[in-house]
**Student:** 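Input: one structure, supplied below.
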Amino acid sequence: MVRYVVTRGKADGREQYGIAVIGEQEQVDCIEDIASSLEETAVLAAFLQENGVAAVHFRDVVEDYLAQ
């Protein structure tokens with residue numbers, strides 16, 4: 001099982017939040033620039049975690065979420 005963790009970084013002088021996918025011992029994948037809102041990114045990370053989204057579907061689910 002994987003864990004989804006919110007990350008924080010800076011892009012063009014502004015804070016940007018992303019989500020990292022953590023496998024058993026290492027980071028499996030990461031999207032660093034999902035939203036500028038911590039709350040929105042945390043809600044998405046919780047959704048991924050609660051629904052047991054597999055790492056192979058991570059990018060597709062985030063893309064679908066952002067397209068809404």
Side-chain angles (χ1 to χ4, degrees):
M1 181 181 247
V2 297
R3 291 182 300 130
Y4 294 94
V5 179
V6 175
T7 63
R8 181 175 69 182
K10 289 207 180 242
D12 298 325
R14 61 186 171 91
E15 288 206 344
Q16 195 69 19
Y17 296 92
I19 298 175
V21 183
I22 310 297
E24 296 210 11
Q25 296 182 6
E26 62 187 24
Q27 182 173 307
V28 177
D29 198 356
C30 183
I31 301 175
E32 296 181 358
D33 59 348
I34 292 175
S36 58
S37 164
L38 173 60
E39 293 78 18
E40 181 180 2
T41 309
V43 166
L44 178 55
F47 172 83
L48 294 165
Q49 191 69 51
E50 290 167 4
N51 288 286
V53 175
V56 296
H57 301 296
F58 165 64
R59 289 184 175 268
D60 292 330
V61 173
V62 171
E63 182 179 314
D64 290 347
Y65 175 83
L66 294 174
Q68 292 182 27

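We use all heavy atoms of the structure for the numbers below, so side chains are in, but hydrogens, waters and symmetry mates are not.
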**Student:** Roughly how far apart are I19 CD1 and L44 CG, rounded to 0.5 Å?
**Tutor:**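 Answer rounded to 0.5 Å: 4.0 Å.
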**Student:** Hey, is CZ on R8 packed in by over 12 heavy atoms from elsewhere, all under 6.0 Å?
**Tutor:**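 Count not over threshold, so no.
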**Student:** Provide the closest heavy-atom pair for Q27 versus A20 in the form atom of the first, atom of the second, distance.
**Tutor:**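 Minimum heavy-atom contact is OE1-CB, 4.0 Å.
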**Student:** Taking all non-hydrogen atoms of both residues, which atom of M1 and which atom of Q49 are closest, and how far apart?
**Tutor:**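 Looking at all heavy atoms of both residues, the closest pair is SD-NE2, 4.4 Å.
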**Student:** Roughly how far, to the nearest 0.5 Å, is OH of Y17 from CG of D33?
**Tutor:**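 Here the rounded value is 14.0 Å.
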**Student:** For the atom pair OG1 (T7) and CD (Q16), what is the distance rounded to the nearest 0.5 Å?
**Tutor:**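 Interatomic distance, T7 OG1 to Q16 CD, rounded to 0.5 Å: 9.5 Å.
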**Student:** Which heavy atom of V6 sits nearest to which heavy atom of A45, and what is that distance?
**Tutor:**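 Distance-wise, the nearest heavy atoms are CG2-CB, 3.9 Å.
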**Student:** Using every non-hydrogen atom in the two residues, find where G23 and V2 come nearest and quote the distance to one decimal.
**Tutor:**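 The pair with the smallest heavy-atom distance is CA-CG1, 4.2 Å.
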**Student:** Kindly compute the distance separating CG (N51) from NE2 (H57), expressed to the nearest 0.5 Å.
**Tutor:**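 Spacing of CG (N51) from NE2 (H57) equals 13.0 Å.
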**Student:** Within this structure, what is the CD1-CD distance for the pair I22 and E24, rounded to the nearest 0.5 Å?
**Tutor:**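 With rounding to 0.5 Å, CD1 (I22) is 12.5 Å from CD (E24).
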**Student:** OG of S37 to CD of E15: how many Å apart, nearest 0.5 Å?
**Tutor:**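 Those atoms lie 11.0 Å apart.
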**Student:** For a quick test of reading the model, state the closest non-hydrogen atom pair linking T41 to G18 and the distance between them.
**Tutor:**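 Answer, listing the atom of T41 first, then G18: CG2-O, 3.4 Å.
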**Student:** Honestly curious: do I31 and V5 fall in one hydrophobic cluster under the side-chain, below-4.5 Å linking rule?
**Tutor:**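 No; tracing contacts between hydrophobic side chains, which count when under 4.5 Å, never links both residues.
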**Student:** Check V53 against F58 and note the closest heavy-atom contact, atom names and distance.
**Tutor:**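 So the two residues come closest at CG1-N, 4.2 Å.
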**Student:** Would a hydrophobic clustering, with Ile, Leu, Val, Met, Phe, Trp and Tyr connected at side-chain separations under 4.5 Å, put V28 with F47?
**Tutor:**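 Yes: a chain of side-chain contacts under 4.5 Å links V28 to F47.
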**Student:** Hey, quick one: are L66 and L48 part of the same hydrophobic cluster, counting side-chain heavy atoms closer than 4.5 Å, chains of contacts allowed?
**Tutor:**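 Yes: a chain of side-chain contacts under 4.5 Å links L66 to L48.
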